[in-house]
> 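Quick one: this structure, given as structure tokens, is what I'll be asking you about.
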There are 2 protein chains.
Amino acid sequence: MQSFTEENYLKIIYHLSEKTANVQTNAIAEQMQTKPASVTDMIKKLADKGLVDYVKYQGVTLTEKGKQAAVDIVRKHRLWEVFLVSKLNFKWDEVHDVAEELEHIKSVDLIERLDEFLGFPKSDPHGDPIPDKNGRFAKTQFIKLIELKIGDGGTITGVSQHSSAFLKHLEKLGLTLGKQIQISDVTDFDGSVEILVANKQINISREVAKHILISSNGKN
Amino acid sequence: MQSFTEENYLKIIYHLSEKTANVQTNAIAEQMQTKPASVTDMIKKLADKGLVDYVKYQGVTLTEKGKQAAVDIVRKHRLWEVFLVSKLNFKWDEVHDVAEELEHIKSVDLIERLDEFLGFPKSDPHGDPIPDKNGRFAKTQFIKLIELKIGDGGTITGVSQHSSAFLKHLEKLGLTLGKQIQISDVTDFDGSVEILVANKQINISREVAKHILISSNGKN
DNA sequence: GTTTATTTTTAGGTAAATCTAAAAATTATT
DNA sequence: AATAATTTTTAGATTTACCTAAAAATAAAC
Ligand SMILES: [Mn+2]
Ligand SMILES: [Mn+2]
Ligand SMILES: [Mn+2]
Ligand SMILES: [Mn+2]
């Protein structure tokens with residue numbers, strides 16, 4: 001059984017592992033909003049518990065056991081986010097902090113029943129996939145909106161940025177999950193993208209386009 | 001903002017306050033499953049924070065501020081218990097430990113929305129009243145089943161014992177909240193009580209009868 | 001009203017998770 | 001390859017919530 005803090009470390013290491021195999025001390029410290037010295041201490045503890053493989057100065061990788069623990073927390077986090085949005089009418093930009101606490105409630109029964117209550121959702125309010133109780137993810141095929149060509153279209157199925165500011169901005173633009181979009185034009189000057197959504201033409205910055213994930217219908 | 005531990009202390013002091021005005025160190029230690037020395041440490045901290053009034057060797061009483069904090073936790077605990085039973089199909093004997101964790105989630109928004117989602121329940125699965133967001137309890141008029149006379153009847157509206165063993169036993173006897181009962185006889189020999197419930201005569205021990213709360217219809 | 005028992009507090013210490021400041025290892029730059 | 005910059009680790013403290021053992025205060029019994 002892990003402490004809250006250990007669980008938070010495991011989850012962060014898990015997410016950082018998607019970018020680089022060996023996760024660095026400083027990267028963890030930044031995410032945990034703590035100091036590198038503290039991270040080194042915790043890494044040693046996690047290594048002792050067999051949750052990470054650790055070679056001094058070389059960063060860490062999750063062991064199978066550590067990965068399972070991490071995925072379990074991700075599962076809980078995302079299921080709670082679904083609960084907050086679909087049952088308690090939270091907005092998608094309001095759920096993260098609360099889920100950050102709820103994910104640590106320890107009861108296998110609770111999370112299985114919650115999963116059932118929610119109808120076994122496959123993704124959370126930000127489009128992120130929810131692993132099943134065995135830790136398996138449904139395969140997802142996303143492409144960044146920025147990578148689409150003029151004439152390409154698809155459905156908004158996720159975001160790769162979870163800040164409240166970004167999510168509120170998308171909402172104002174009408175760019176929420178499930179919306180159909182099509183690329184009308186790409187501006188040479190600033191890389192901004194002209195898209196057709198709900199029969200309206202809107203312009204979004206390159207920065208915004210980078211963080212919208214599309215399940216593509218291919219060319220049109 | 002209080003820590004989990006501080007919150008647990010406040011809640012326990014609150015419950016013990018219902019029996020005696022000045023709550024003793026040893027009583028707190030027993031409930032917290034810790035040692036009296038640890039309790040003294042924590043009491044000092046709570047006194048420093050203005051949550052309890054403390055006179056050495058004389059026990060503690062909650063200040064207005066401490067009482068509010070305690071009632072707030074009781075509110076969360078009971079609302080979560082309702083959620084677990086009414087939405088996730090937990091049994092009334094399975095909810096306590098999980099609610100013990102959930103009650104510490106810090107989000108005013110969350111608990112107000114949960115309250116609304118549950119339809120502003122007035123009592124929890126054990127019949128205990130749920131304070132509103134201002135900390136006010138609806139008045140309740142309970143009488144212990146053991147105190148009823150032959151011929152008296154009423155509705156089961158609460159229990160004063162929350163152990164899983166007791167609750168499972170009640171369930172097996174068909175003595176759940178809302179059931180109508182009437183006293184048929186009281187045995188001189190062992191003080192056990194003969195009652196009529198759902199058209200059946202059953203016998204319950206004095207010990208069981210002590211912990212069932214009835215809203216009485218008076219004599220019959 | 002002493003003596004005894006109980007309750008409560010103090011003294012001193014441990015473990016978890018953090019910190020700052022300084023040392024060591026690794027990586028990048030000339 | 002030597003020097004500089006960056007990253008990471010150690011050393012030594014701090015805070016929170018505990019503990020045990022011993023001392024002090026209060027309550028109960030004789
Ligand atoms: Mn968390
Ligand atoms: Mn999410
Ligand atoms: Mn609790
Ligand atoms: Mn209850």
Side-chain angles (χ1 to χ4, degrees), chain A residues 1-14 16-17 19-62 66 69-70 73 100-101 103-106, chain B residues 1-14 16-17 19-62 66 69-70 73 100-101 103-106:
Chain A
M1 195 98 302
Q2 284 90 39
S3 70
F4 280 32
T5 312
E6 287 168 354
E7 289 186 348
N8 284 334
Y9 270 92
L10 288 173
K11 196 179 65 166
I12 277 166
I13 294 169
Y14 174 77
L16 289 169
S17 297
K19 303 260 165 186
T20 47
N22 275 48
V23 179
Q24 307 195 125
T25 304
N26 273 2
I28 299 171
E30 194 187 343
Q31 294 290 311
M32 283 292 296
Q33 309 209 74
T34 186
K35 306 287 158 171
S38 307
V39 173
T40 302
D41 284 349
M42 181 55 81
I43 283 173
K44 283 180 187 163
K45 192 206 279 195
L46 295 175
D48 284 347
K49 290 193 172 186
L51 295 162
V52 299
D53 289 319
Y54 170 51
V55 182
K56 261 190 203 176
Y57 293 99
Q58 301 312 126
V60 291
T61 53
L62 290 170
I73 300 155
E100 202 60 43
E101 291 189 53
E103 70 189 358
H104 302 291
I105 305 291
K106 281 164 189 60
Chain B
M1 196 100 300
Q2 284 90 38
S3 72
F4 280 32
T5 311
E6 288 167 351
E7 289 187 347
N8 285 334
Y9 270 92
L10 288 174
K11 197 179 63 167
I12 278 166
I13 294 169
Y14 173 77
L16 289 170
S17 297
K19 303 260 165 186
T20 48
N22 275 47
V23 180
Q24 307 195 128
T25 304
N26 273 1
I28 299 171
E30 193 187 344
Q31 293 292 310
M32 284 292 297
Q33 309 210 71
T34 186
K35 305 287 158 171
S38 306
V39 174
T40 302
D41 283 350
M42 181 56 79
I43 283 174
K44 283 179 187 165
K45 193 205 278 196
L46 295 175
D48 283 348
K49 291 193 172 188
L51 295 162
V52 298
D53 288 320
Y54 170 53
V55 182
K56 263 193 202 174
Y57 293 99
Q58 301 311 128
V60 291
T61 52
L62 290 171
I73 299 155
E100 203 59 42
E101 291 188 54
E103 71 190 358
H104 303 290
I105 304 292
K106 280 162 191 61

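All chains are named by letter (A, B, ...) in the order of the sequence lines, taking the proteins before the strands, and each is independently numbered beginning at 1. Nothing here was measured: the structure is a model prediction, and the numbers come from that model.
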> Round to a whole Å and report the spacing from CD1 of B/I43 to P of C/dT7.
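B/I43 atom CD1 is separated from C/dT7 atom P by 15 Å.
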> In terms of the nearest nucleotide of DNA chain C, which residue is placed more toward the 5' end: B/A37 or A/P36?
B/A37
> Can you tell me how far C1' of C/dT7 sits from CD of B/E30, to the nearest Å?
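Rounded to whole Å, this separation is 14 Å.
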> Which one of B/I43, B/V39, B/L46 satisfies the side chain to side chain contact (heavy atoms under 4.5 Å, CB included) criterion with B/V60?
B/I43
> Report yes if the side chains of B/I73 and B/Q2 come closer than 4.5 Å at any heavy-atom pair, otherwise no.
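SC-SC contact between B/I73 and B/Q2 ruled out.
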> Take the protein atom CZ of A/F4 and the nucleotide atom C1' of C/dT18, then report the distance between them rounded to whole Å.
17 Å
> Parallel, tilted or perpendicular: which one describes the rings of B/F4 and A/F4, with boundaries at 30° and 60°?
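B/F4 vs A/F4 ring planes: perpendicular.
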> Between atom NZ in B/K44 and atom C1' in C/dT10, what is the gap in whole Å?
7 Å
> How long is the line joining CD1 of A/I28 and P of D/dT8, in whole Å?
9 Å
> Just to confirm, is there a sub-4.0 Å distance from OP1 or OP2 of C/dC19 to any side-chain nitrogen or oxygen of A/S38?
yes
> Taking the side chain as every heavy atom from C-beta outward, state whether A/I105 and B/I105 have any atom pair closer than 4.5 Å.
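They are in side-chain contact.
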> Specify the separation, in whole Å, of atom CD of A/Q24 and atom P of C/dT27.
9 Å
> Expected output is a numbered-order residue list: members of residues 48-60 of chain B with a heavy atom under 4.0 Å from any atom of DNA chain D. What is it?
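Those residues are B/Y57.
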> Provide, to the nearest angstrom, the distance between the CE atom belonging to B/M42 and the C1' atom belonging to D/dC19.
14 Å
> Any heavy-atom pair between the side chains of A/V23 and A/Y14 that's under 4.5 Å?
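No, every pair of side-chain atoms sits at 4.5 Å or beyond.
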> Among D/dT20, C/dC19, D/dC18, which nucleotide has an atom closest to any side-chain atom of B/Y9?
D/dC18
> OP1 or OP2 of D/dT8 versus the side-chain N and O atoms of A/N26: is any pair under 4.0 Å?
yes
> Using whole Å, report how far CG of B/L46 lies from C1' of D/dT16.
13 Å
> Please report the interatomic distance CD(A/Q24) to CD(A/E30), rounded to the nearest 0.5 Å.
11.0 Å
> Strictly below 4.0 Å: does A/T40 bring a side-chain N or O up to OP1 or OP2 of D/dT10?
no
> Would you say that more than 12 heavy atoms from the other residues, nucleotides or ligands in this model lie under 6.0 Å from the NZ of A/K106, or not?
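Enclosed: over 12 neighbouring heavy atoms sit under 6.0 Å from NZ of A/K106.
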> With a 4.0 Å limit, can you tell me whether A/T25 has a side-chain N or O closer than that to the phosphate oxygens OP1/OP2 of D/dT9?
yes
> If you compare every side-chain N and O of A/T34 against the phosphate oxygens of C/dC19 (OP1, OP2), does one of them come in below 4.0 Å?
yes
